[in-house]
S.K.: 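Have a look at this one.
All chains are named by letter (A, B, ...) in the order of the sequence lines, taking the proteins before the strands, and each is independently numbered beginning at 1. Excluded from the calculations below are hydrogen atoms, water molecules and symmetry mates; all remaining heavy atoms, backbone and side chain alike, are included.
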Amino acid sequence: MTPDDPTDDELSPAERGLNQHLELLRASPPTGGAQLVTTVIRGVRWQRAIRDPLVLVGAVATAVADGLGLLFEPPEDGS
Amino acid sequence: MESDEGLIERALDGDLAAFERLVERHRAIVFRVAARIVGPDDAEDVSQDAFLRAFHRLDQYRGTAAFRTWLLQITQNTALSTLSRTRQGPVEVSHDASEAADHDPVRQPVTELERRERQGRLELKLRTLRPEYRSLLVLRDLEGLSYNEISDVLEMPLGSVKGRLHRARDELIELLRNNTYDWELPP
């Protein structure tokens, strides 16, 4: 329904009527999110701060599990 | 003005200020789309969630479509999953037309009150549509995205976008026709 889009094919009379009504919404877009930049960046900082320690804990846990697996691995048949 | 691609590159190198500029640049459309899909009460949370997801997936952005398109795809998916999680019915519209009329009928001209009431009713009807149709109408008829961009946002073939948009409009027209309020829509 934008004039610059040639792919917009013909609208029925009802669709044209709807488009006129929708102008009410286009004219008054929802406003808000003024704090969005602050909250997003705060969230990114916080997630970054906890991500590295969590990755480290995960790596240590995996290494411990692998080590225990090797220690308590049942002997192979025929050895 | 630095391009989105330049800012993305810097953000990927750890420059948080560059990502901040991307948020600032696109926050209005992200908020509008979120608000129109999930309603004003959850719009801020959905927008924030969408930007955080975008940040963590920034290395997956391939640049085949515009950054805005990619971001709207994330926003749309976040909004729809919020709706399915909360199983939200029609959202109450917070327009205060009726309150204004009750508390201070003299200050606003009747035409303005009527306009706001129509707007509130229309928003409510829009939110009664199934979420997939609502997204399409928001992206095309309210935000004015091209069919190609919508096709990228929704990851849907162009023909399907057009077909579904047609059905979405038909459904909204029917909803309005069945409303007691007279929308004067021709057959």
Side-chain angles (χ1 to χ4, degrees), chain A residues 1-70, chain B residues 14 16-17 19-21 23-24 27-36 39-40 43-45 47-52 54-56 95 115-116 118-123 125-126 137-138 140-148 158 162 165-166 169-170 172-174 176-177 183-187:
Chain A
M1 294 206 188
T2 47
D4 60 329
D5 192 341
T7 58
D8 193 8
D9 30 34
E10 288 163 29
L11 299 175
S12 67
E15 285 177 322
R16 274 200 297 275
L18 174 66
N19 188 31
Q20 282 171 7
H21 290 310
L22 289 174
E23 182 55 35
L24 274 174
L25 303 188
R26 285 192 290 268
S28 307
T31 52
Q35 299 301 312
L36 210 49
V37 179
T38 314
T39 51
V40 167
I41 298 303
R42 194 185 301 142
V44 167
R45 284 210 176 96
W46 183 79
Q47 288 182 359
R48 261 183 170 186
I50 63 161
R51 196 176 66 170
D52 289 347
L54 282 178
V55 169
L56 185 67
V57 168
V60 169
T62 307
V64 168
D66 286 349
L68 289 174
L70 282 174
Chain B
L16 206 53
F19 187 71
E20 192 172 338
R21 287 187 60 193
V23 178
E24 182 60 53
R27 75 178 168 87
I29 190 169
V30 165
F31 183 84
R32 285 199 307 273
V33 168
R36 281 176 162 150
E44 185 107 15
D45 285 346
S47 306
Q48 187 183 339
D49 202 9
F51 276 117
L52 287 174
F55 179 78
H56 292 296
H95 285 287
R115 191 191 66 79
R116 293 181 70 177
R118 286 169 72 86
Q119 183 184 333
R121 283 170 185 264
L122 189 55
E123 281 189 4
K125 287 293 166 196
L126 181 66
L137 278 170
V138 167
R140 176 65 188 165
D141 292 348
L142 299 183
E143 291 299 329
L145 266 65
S146 72
Y147 284 118
N148 281 322
L158 207 59
K162 290 183 181 182
L165 183 63
H166 184 69
R169 285 174 182 154
D170 276 355
L172 184 57
I173 287 167
E174 275 314 301
L176 293 177
R177 278 184 179 146
W183 291 93
E184 295 172 2
L185 285 163

S.K.: Check whether any side-chain heavy atom of Leu16(B) lies under 4.5 Å from a side-chain heavy atom of Arg48(A), and answer yes or no.
M.R.: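 They are in contact (side-chain heavy atoms under 4.5 Å apart), so the answer is yes.
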S.K.: Look up atom CD in Gln119(B) and atom NE2 in His21(A), then write down how far apart they are to the nearest 0.5 Å.
M.R.: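 It is 13.5 Å, given to the nearest 0.5 Å.
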S.K.: Just give me the residue among Leu25(A), Leu24(A), Ile41(A) that pairs up with chain B most often, heavy atom to heavy atom, under 4.5 Å.
M.R.: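 Heavy-atom pair counts peak at Leu25(A).
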S.K.: Rounded to the nearest 0.5 Å, how far does CG of Leu172(B) lie from CD of Glu15(A)?
M.R.: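 The CD atom of Glu15(A) sits 10.5 Å away from the CG atom of Leu172(B).
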S.K.: Measure Thr31(A) against the heavy atoms of chain B and call it side chain, backbone, both or neither at under 4.5 Å.
M.R.: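 Only the backbone of Thr31(A) comes within 4.5 Å of chain B.
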S.K.: What part of Gln35(A) gets closer than 4.5 Å to chain B, counting heavy atoms only: side chain, backbone, both or neither?
M.R.: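 Both parts, backbone and side chain.
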S.K.: Do Val44(A) and Phe51(B) touch side chain to side chain, with heavy atoms closer than 4.5 Å?
M.R.: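 Answer no - side chains too far apart.
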S.K.: Nearest 0.5 Å, please: how far is CD in Gln48(B) from OG1 in Thr39(A)?
M.R.: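 Going from OG1 on Thr39(A) over to CD on Gln48(B), the span is 4.0 Å.
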S.K.: Would you give the length of the straight line joining atom CD of Glu23(A) to atom CG of Leu142(B), rounded to the nearest 0.5 angstrom?
M.R.: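 It is 9.5 Å, given to the nearest 0.5 Å.
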S.K.: Could you grab the distance from atom CZ of Arg115(B) to atom OG of Ser28(A), nearest 0.5 Å is fine?
M.R.: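 If I round to the nearest 0.5 Å, the distance is 4.0 Å.
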S.K.: Between Gly43(A), Gly17(A), Pro30(A), Ala34(A), which residue shows the highest count of heavy-atom pairs closer than 4.5 Å to chain B?
M.R.: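 Counting heavy-atom pairs under 4.5 Å, the top option is Pro30(A).
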S.K.: Pair Leu11(A), Arg169(B) - check side chain to side chain contact (heavy atoms under 4.5 Å, CB included), show working.
M.R.: CA-CA 10 Å; Leu11(A) 299 175; Arg169(B) 285 174 182 154; 3.5 Å; yes
S.K.: Given that the side chain runs from C-beta out, which part of Leu165(B) has a heavy atom under 4.5 Å from chain A: side chain, backbone, both or neither?
M.R.: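 No part of it gets close to chain A.
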S.K.: Please determine, among Gly32(A), Ala27(A), Pro29(A), the option with the most heavy-atom pairs under 4.5 Å with chain B.
M.R.: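 With the most close heavy-atom pairs to chain B, the winner is Gly32(A).
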